[in-house]
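A quick write-up on the structure given underneath.
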2 protein chains.
Amino acid sequence: MFIVLSPNSGVPVYRQLIEQIRLQVTGGQLAPGDEMPSTRNLSAQLGVNPMTVSKAYTQLEREGVLERRPGRSLVVGTLAPAETRTKKLEQVRESLATAVTTIRQLDVPTDEAVAMLRKMLDSHAKEK
Amino acid sequence: MFIVLSPNSGVPVYRQLIEQIRLQVTGGQLAPGDEMPSTRNLSAQLGVNPMTVSKAYTQLEREGVLERRPGRSLVVGTLAPAETRTKKLEQVRESLATAVTTIRQLDVPTDEAVAMLRKMLDSHAKEK
DNA sequence: ATTACTGTATTATGAAACCAATACAGTTCG
DNA sequence: CGAACTGTATTGGTTTCATAATACAGTAAT
(Lines give C-alpha, C1' and ligand atoms only; values in the text may rest on other atoms or scores of the structure.)
Protein backbone atom coordinates (compact mmCIF):
# COMPACT_ATOMS: atom_id res chain seq x y z
CA MET A 1 0.00 0.00 0.00
CA PHE A 2 1.22 3.45 -0.84
CA ILE A 3 0.02 6.53 1.07
CA VAL A 4 1.14 10.15 0.66
CA LEU A 5 -0.24 12.75 3.02
CA SER A 6 -0.45 16.39 1.98
CA PRO A 7 -0.39 18.33 5.23
CA ASN A 8 -0.96 21.66 3.47
CA SER A 9 -3.89 20.65 1.32
CA GLY A 10 -6.45 21.53 3.97
CA VAL A 11 -8.13 18.15 3.56
CA PRO A 12 -8.38 16.31 6.89
CA VAL A 13 -5.81 13.52 7.21
CA TYR A 14 -8.43 10.83 7.77
CA ARG A 15 -10.12 11.82 4.49
CA GLN A 16 -6.87 11.63 2.56
CA LEU A 17 -6.40 8.12 3.90
CA ILE A 18 -9.93 7.12 2.92
CA GLU A 19 -9.57 8.50 -0.59
CA GLN A 20 -6.18 6.95 -1.27
CA ILE A 21 -7.03 3.54 0.10
CA ARG A 22 -10.30 3.52 -1.81
CA LEU A 23 -8.40 4.48 -4.97
CA GLN A 24 -5.92 1.67 -4.68
CA VAL A 25 -8.62 -0.90 -4.02
CA THR A 26 -10.59 0.32 -7.04
CA GLY A 27 -7.44 0.37 -9.13
CA GLY A 28 -6.54 -3.17 -8.23
CA GLN A 29 -3.39 -2.31 -6.31
CA LEU A 30 -5.09 -3.77 -3.28
CA ALA A 31 -6.93 -7.05 -3.91
CA PRO A 32 -9.72 -8.70 -1.94
CA GLY A 33 -8.18 -10.53 0.98
CA ASP A 34 -5.09 -8.33 1.17
CA GLU A 35 -4.25 -7.40 4.74
CA MET A 36 -4.10 -3.75 5.65
CA PRO A 37 -1.23 -2.39 7.73
CA SER A 38 -2.16 -2.31 11.41
CA THR A 39 -3.40 0.97 12.83
CA ARG A 40 -0.31 1.09 15.03
CA ASN A 41 2.09 0.47 12.16
CA LEU A 42 0.49 2.84 9.68
CA SER A 43 0.13 5.62 12.25
CA ALA A 44 3.80 5.30 13.19
CA GLN A 45 4.80 5.31 9.53
CA LEU A 46 2.73 8.39 8.70
CA GLY A 47 3.30 10.25 11.94
CA VAL A 48 -0.37 10.46 12.89
CA ASN A 49 -2.48 9.22 15.77
CA PRO A 50 -3.68 5.59 15.59
CA MET A 51 -7.23 6.81 16.14
CA THR A 52 -6.95 8.93 13.01
CA VAL A 53 -6.04 5.83 10.99
CA SER A 54 -8.77 3.89 12.78
CA LYS A 55 -11.29 6.56 11.79
CA ALA A 56 -10.39 6.09 8.12
CA TYR A 57 -10.48 2.29 8.43
CA THR A 58 -13.86 2.43 10.16
CA GLN A 59 -15.37 4.54 7.40
CA LEU A 60 -13.97 2.20 4.73
CA GLU A 61 -15.38 -0.77 6.66
CA ARG A 62 -18.81 0.87 6.56
CA GLU A 63 -18.47 1.24 2.80
CA GLY A 64 -17.59 -2.43 2.42
CA VAL A 65 -14.14 -1.60 1.11
CA LEU A 66 -12.54 -3.19 4.16
CA GLU A 67 -13.66 -6.15 6.25
CA ARG A 68 -13.10 -6.43 9.96
CA ARG A 69 -11.86 -9.60 11.62
CA PRO A 70 -11.74 -9.14 15.39
CA GLY A 71 -8.26 -9.77 16.77
CA ARG A 72 -6.68 -9.69 13.31
CA SER A 73 -5.79 -7.15 10.66
CA LEU A 74 -8.50 -5.62 8.53
CA VAL A 75 -8.57 -6.99 4.99
CA VAL A 76 -9.71 -5.68 1.65
CA GLY A 77 -13.30 -6.77 1.21
CA THR A 78 -14.75 -8.97 -1.48
CA LEU A 79 -17.47 -6.40 -1.96
CA ALA A 80 -14.85 -3.84 -2.92
CA PRO A 81 -15.53 -2.22 -6.31
CA ALA A 82 -14.37 -4.38 -9.18
CA GLU A 83 -11.06 -3.45 -10.68
CA THR A 84 -10.97 -2.83 -14.37
CA ARG A 85 -8.38 -1.16 -16.47
CA THR A 86 -11.07 1.17 -17.78
CA LYS A 87 -11.96 2.34 -14.29
CA LYS A 88 -8.32 2.81 -13.43
CA LEU A 89 -7.65 5.05 -16.40
CA GLU A 90 -10.87 6.92 -15.73
CA GLN A 91 -9.69 7.78 -12.25
CA VAL A 92 -6.41 9.03 -13.65
CA ARG A 93 -8.36 11.02 -16.23
CA GLU A 94 -10.48 12.60 -13.49
CA SER A 95 -7.46 13.70 -11.52
CA LEU A 96 -5.83 15.06 -14.66
CA ALA A 97 -9.02 16.89 -15.62
CA THR A 98 -8.60 19.25 -12.71
CA ALA A 99 -5.06 19.98 -13.80
CA VAL A 100 -6.22 20.45 -17.41
CA THR A 101 -8.70 23.10 -16.29
CA THR A 102 -5.96 24.94 -14.43
CA ILE A 103 -3.47 24.64 -17.28
CA ARG A 104 -5.91 26.04 -19.82
CA GLN A 105 -7.10 28.77 -17.52
CA LEU A 106 -3.52 29.89 -17.04
CA ASP A 107 -2.68 29.57 -20.75
CA VAL A 108 0.27 27.30 -20.14
CA PRO A 109 1.45 25.71 -23.40
CA THR A 110 0.72 22.00 -23.78
CA ASP A 111 4.37 21.07 -24.25
CA GLU A 112 5.35 22.89 -21.10
CA ALA A 113 2.61 21.27 -18.99
CA VAL A 114 3.40 17.83 -20.36
CA ALA A 115 7.10 18.32 -19.64
CA MET A 116 6.25 19.37 -16.11
CA LEU A 117 4.19 16.24 -15.50
CA ARG A 118 6.92 14.01 -16.87
CA LYS A 119 9.51 15.71 -14.73
CA MET A 120 7.37 15.35 -11.60
CA LEU A 121 6.73 11.66 -12.29
CA ASP A 122 10.40 10.97 -13.00
CA SER A 123 11.67 12.87 -9.97
CA HIS A 124 9.38 11.00 -7.61
CA ALA A 125 10.38 7.69 -9.15
CA LYS A 126 13.97 8.53 -8.29
CA GLU A 127 13.07 9.32 -4.72
CA LYS A 128 12.08 5.72 -4.14
CA MET B 1 -15.50 36.76 -10.67
CA PHE B 2 -16.66 33.16 -10.54
CA ILE B 3 -16.62 31.16 -7.30
CA VAL B 4 -17.93 27.63 -6.76
CA LEU B 5 -17.71 26.12 -3.30
CA SER B 6 -17.47 22.36 -2.82
CA PRO B 7 -18.97 21.76 0.61
CA ASN B 8 -18.00 18.07 0.63
CA SER B 9 -14.40 18.40 -0.49
CA GLY B 10 -13.10 18.67 3.05
CA VAL B 11 -11.16 21.79 2.13
CA PRO B 12 -12.04 24.75 4.36
CA VAL B 13 -14.26 27.31 2.64
CA TYR B 14 -11.81 30.15 3.13
CA ARG B 15 -9.11 28.12 1.40
CA GLN B 16 -11.34 27.35 -1.57
CA LEU B 17 -11.93 31.08 -1.93
CA ILE B 18 -8.22 31.83 -1.73
CA GLU B 19 -7.34 29.21 -4.32
CA GLN B 20 -10.04 30.19 -6.80
CA ILE B 21 -9.40 33.91 -6.55
CA ARG B 22 -5.66 33.38 -6.85
CA LEU B 23 -6.23 31.21 -9.93
CA GLN B 24 -8.39 33.79 -11.65
CA VAL B 25 -5.92 36.56 -10.94
CA THR B 26 -3.02 34.49 -12.27
CA GLY B 27 -5.08 33.47 -15.28
CA GLY B 28 -5.96 37.02 -16.13
CA GLN B 29 -9.69 36.62 -15.52
CA LEU B 30 -9.19 39.23 -12.81
CA ALA B 31 -6.96 42.09 -13.91
CA PRO B 32 -4.96 44.54 -11.80
CA GLY B 33 -7.27 47.26 -10.57
CA ASP B 34 -10.44 45.16 -10.79
CA GLU B 35 -12.64 45.62 -7.77
CA MET B 36 -13.52 42.58 -5.69
CA PRO B 37 -17.10 41.95 -4.55
CA SER B 38 -17.62 43.30 -1.05
CA THR B 39 -17.37 40.89 1.85
CA ARG B 40 -21.07 41.43 2.55
CA ASN B 41 -22.12 40.80 -1.06
CA LEU B 42 -19.96 37.75 -1.64
CA SER B 43 -20.87 36.17 1.69
CA ALA B 44 -24.57 36.62 0.94
CA GLN B 45 -24.11 35.16 -2.53
CA LEU B 46 -22.19 32.11 -1.27
CA GLY B 47 -24.16 31.58 1.93
CA VAL B 48 -21.16 31.97 4.23
CA ASN B 49 -20.19 34.32 7.02
CA PRO B 50 -18.66 37.68 5.99
CA MET B 51 -15.72 37.00 8.27
CA THR B 52 -15.00 33.83 6.33
CA VAL B 53 -14.76 35.86 3.12
CA SER B 54 -12.72 38.46 4.98
CA LYS B 55 -10.32 35.79 6.13
CA ALA B 56 -9.67 34.78 2.52
CA TYR B 57 -9.33 38.41 1.40
CA THR B 58 -6.90 39.14 4.26
CA GLN B 59 -4.70 36.20 3.30
CA LEU B 60 -4.70 37.28 -0.35
CA GLU B 61 -3.84 40.83 0.70
CA ARG B 62 -0.82 39.48 2.61
CA GLU B 63 0.28 37.67 -0.55
CA GLY B 64 0.00 40.86 -2.57
CA VAL B 65 -2.74 39.40 -4.75
CA LEU B 66 -5.24 41.98 -3.44
CA GLU B 67 -4.69 45.56 -2.34
CA ARG B 68 -6.57 47.21 0.47
CA ARG B 69 -8.07 50.69 0.24
CA PRO B 70 -9.70 51.69 3.53
CA GLY B 71 -13.36 52.56 3.09
CA ARG B 72 -13.45 51.11 -0.42
CA SER B 73 -13.50 47.70 -2.09
CA LEU B 74 -10.35 45.64 -2.25
CA VAL B 75 -8.79 45.58 -5.70
CA VAL B 76 -6.64 43.14 -7.59
CA GLY B 77 -3.02 44.02 -7.08
CA THR B 78 -0.33 44.65 -9.62
CA LEU B 79 2.23 41.87 -9.78
CA ALA B 80 5.47 41.95 -11.68
CA PRO B 81 5.21 39.83 -14.89
CA ALA B 82 8.00 37.55 -13.68
CA GLU B 83 6.19 37.03 -10.41
CA THR B 84 3.00 36.26 -12.29
CA ARG B 85 4.72 33.57 -14.34
CA THR B 86 6.27 32.05 -11.22
CA LYS B 87 2.88 31.85 -9.55
CA LYS B 88 1.37 30.40 -12.70
CA LEU B 89 3.81 27.51 -12.84
CA GLU B 90 3.45 26.96 -9.12
CA GLN B 91 -0.30 26.63 -9.45
CA VAL B 92 0.03 24.21 -12.35
CA ARG B 93 2.51 22.21 -10.32
CA GLU B 94 0.11 22.04 -7.38
CA SER B 95 -2.75 20.84 -9.54
CA LEU B 96 -0.49 18.26 -11.19
CA ALA B 97 0.78 17.06 -7.81
CA THR B 98 -2.58 15.52 -6.99
CA ALA B 99 -2.64 13.76 -10.34
CA VAL B 100 0.92 12.54 -9.78
CA THR B 101 -0.09 10.88 -6.51
CA THR B 102 -3.02 9.17 -8.23
CA ILE B 103 -0.92 8.04 -11.19
CA ARG B 104 1.72 6.54 -8.94
CA GLN B 105 -0.79 4.88 -6.63
CA LEU B 106 -2.42 3.21 -9.62
CA ASP B 107 0.93 2.20 -11.16
CA VAL B 108 0.20 3.90 -14.45
CA PRO B 109 3.36 4.10 -16.59
CA THR B 110 4.76 7.61 -17.00
CA ASP B 111 4.51 7.51 -20.79
CA GLU B 112 0.85 6.53 -20.64
CA ALA B 113 -0.05 9.28 -18.16
CA VAL B 114 1.86 11.89 -20.14
CA ALA B 115 0.16 10.79 -23.35
CA MET B 116 -3.20 11.04 -21.60
CA LEU B 117 -2.54 14.59 -20.47
CA ARG B 118 -1.40 15.63 -23.94
CA LYS B 119 -4.47 14.07 -25.49
CA MET B 120 -6.77 15.83 -23.04
CA LEU B 121 -5.11 19.18 -23.63
CA ASP B 122 -5.18 18.76 -27.40
CA SER B 123 -8.77 17.56 -27.55
CA HIS B 124 -9.98 20.53 -25.51
CA ALA B 125 -7.98 22.89 -27.66
CA LYS B 126 -9.86 21.56 -30.66
CA GLU B 127 -13.15 22.11 -28.92
CA LYS B 128 -12.54 25.81 -28.84
C1' DA C 1 -1.54 -19.64 30.35
C1' DT C 2 1.13 -16.16 28.53
C1' DT C 3 2.76 -13.09 25.14
C1' DA C 4 2.22 -10.38 21.24
C1' DC C 5 -0.31 -8.97 18.11
C1' DT C 6 -5.21 -6.95 16.23
C1' DG C 7 -8.87 -2.80 16.34
C1' DT C 8 -11.87 0.12 19.06
C1' DA C 9 -14.02 2.65 23.14
C1' DT C 10 -13.62 6.19 26.21
C1' DT C 11 -12.28 10.46 28.30
C1' DA C 12 -10.00 14.68 28.02
C1' DT C 13 -7.57 18.40 25.65
C1' DG C 14 -6.48 21.68 22.17
C1' DA C 15 -6.59 23.72 17.55
C1' DA C 16 -9.04 25.02 13.51
C1' DA C 17 -13.04 26.44 11.07
C1' DC C 18 -17.22 28.74 10.94
C1' DC C 19 -20.85 31.37 12.71
C1' DA C 20 -23.39 35.45 14.99
C1' DA C 21 -23.65 39.91 16.66
C1' DT C 22 -21.99 44.30 17.58
C1' DA C 23 -18.99 48.00 16.98
C1' DC C 24 -15.38 50.74 14.84
C1' DA C 25 -12.97 53.41 11.28
C1' DG C 26 -12.62 54.52 6.58
C1' DT C 27 -14.54 56.72 1.81
C1' DT C 28 -18.05 58.47 -1.28
C1' DC C 29 -22.11 60.81 -2.61
C1' DG C 30 -26.11 63.77 -2.29
C1' DC D 1 -23.65 66.46 7.63
C1' DG D 2 -25.87 62.20 7.10
C1' DA D 3 -26.61 57.97 4.65
C1' DA D 4 -24.73 54.15 2.52
C1' DC D 5 -21.31 51.84 1.37
C1' DT D 6 -16.24 49.62 2.48
C1' DG D 7 -13.34 46.04 5.57
C1' DT D 8 -11.97 44.48 10.13
C1' DA D 9 -11.87 43.75 15.36
C1' DT D 10 -13.79 41.64 19.07
C1' DT D 11 -16.30 38.40 21.92
C1' DG D 12 -18.56 34.22 22.47
C1' DG D 13 -20.36 29.96 20.78
C1' DT D 14 -20.56 25.34 18.13
C1' DT D 15 -18.64 21.75 15.36
C1' DT D 16 -14.94 19.18 13.46
C1' DC D 17 -10.44 17.26 13.57
C1' DA D 18 -6.49 15.38 15.79
C1' DT D 19 -4.08 13.99 19.64
C1' DA D 20 -2.94 11.39 24.08
C1' DA D 21 -3.61 7.96 27.34
C1' DT D 22 -5.69 4.04 29.14
C1' DA D 23 -8.41 0.12 28.85
C1' DC D 24 -11.02 -3.56 26.68
C1' DA D 25 -11.97 -7.55 23.77
C1' DG D 26 -10.48 -10.34 20.09
C1' DT D 27 -6.99 -14.01 17.67
C1' DA D 28 -2.71 -16.61 17.10
C1' DA D 29 1.49 -18.62 18.46
C1' DT D 30 4.33 -20.63 21.89
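By convention in this document, chain letters (A, B, ...) are assigned in the order of the sequence lines, proteins followed by strands, and residues within each chain are numbered from 1.
Proximity note for Thr58(A) (side chain, C-beta onward) versus dT8(C), dT19(D), dC18(C): the nearest is dT8(C). When the nucleotides dT10(D), dT6(D), dT19(D) are ranked by their closest atom to the side chain of Asn41(B), dT6(D) comes out on top. The side chain of Thr39(B) lies closest to dG7(D) when the candidates are dT27(C), dG7(D), dC19(C). Checking dG7(D), dT27(D), dC19(C) against every side-chain atom of Val48(B), the shortest atom distance belongs to dC19(C). Closest to the Arg40(A) side chain, of the nucleotides dT10(C), dT6(D), dT6(C), is dT6(C). Checked against dA17(C), dT6(C), dT8(C), the side chain of Pro12(B) finds its nearest nucleotide in dA17(C). The Tyr14(A) side chain lies nearest to dA18(D) when the options are dA18(D), dT8(C), dC18(C).
In this structure the side chain of Leu17(A) reaches within 4.5 angstrom of the side chain of Leu46(A), judged on heavy atoms. Residues Tyr57(A) and Ser38(A) have side chains not in contact (no heavy-atom distance under 4.5 Å, counting atoms from C-beta outward).
At whole-Å resolution of the value, CE in Met51(B) and P in dA16(C) are 17 Å apart. A straight line from CD of Glu35(A) to C1' of dA28(D) spans 12 Å, rounded to a whole angstrom. If you measure from atom OH of Tyr57(A) to atom C1' of dG7(C), you get 10 Å, rounded to the nearest angstrom. Regarding Glu61(B), its CD atom lies at a distance of 7 Å from the P atom of dT8(D), rounded to whole Å. dC5(C) atom P lies 17 Å from atom CG of Leu42(A), rounded to whole Å. Regarding Arg15(B), its CZ atom lies at a distance of 10 Å from the P atom of dC18(C), rounded to whole Å. Rounded to an integer number of Å, the gap from CG of Leu17(B) to C1' of dA17(C) is 13 Å. Taking atom CD of Glu67(A) as the reference point, atom C1' of dG7(C) lies 15 Å away to the nearest angstrom.
Between the side chain of Gln91(A) and the backbone N or O of Thr102(B) there is no donor-acceptor pair closer than 3.5 Å. The main-chain N or O of Gln24(B) is never found under 3.5 Å from a side-chain atom of Gln105(A) such that the two would form a donor-acceptor pair.
Across all strands, Arg68(A) comes closer than 4.0 Å only to sugar-phosphate atoms, never to a base (heavy-atom distances). Backbone-only contact: Pro37(A) has heavy atoms under 4.0 Å from sugar-phosphate atoms and none from a base.
The existence of a salt bridge linking Glu112(A) and Arg85(B) is confirmed by a sub-4.0 Å separation between a basic side-chain nitrogen and an acidic carboxylate oxygen.
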Pair Lys87(B)-Val25(B), side chain to side chain contact (heavy atoms under 4.5 Å, CB included): steps then yes or no: CA-CA 10 Å; Lys87(B) 284 187 187 290; Val25(B) 168; over 6 Å; no
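Phosphate proximity of dA18(D) to Asn49(A): absent, as no side-chain N or O sits under 4.0 Å from OP1 or OP2. Remark: Lys55(A) is not in phosphate contact with dA18(D), judged by side-chain N or O atoms under 4.0 Å from OP1 or OP2. In terms of phosphate contacts, Ser73(B) brings no side-chain nitrogen or oxygen within less than 4.0 Å of OP1 or OP2 of dT6(D). One finds a side-chain N or O of Ser54(B) lying less than 4.0 angstrom from the OP1 or OP2 phosphate oxygen of dT8(D). Distances shown here put a side-chain N or O of Thr52(A) below 4.0 Å from the OP1 or OP2 atom of dT19(D).
Of the residues near DNA chain D, Val11(A) and Arg69(B), the one whose nearest nucleotide (by heavy atom distance) lies more toward the 5' end is Arg69(B).
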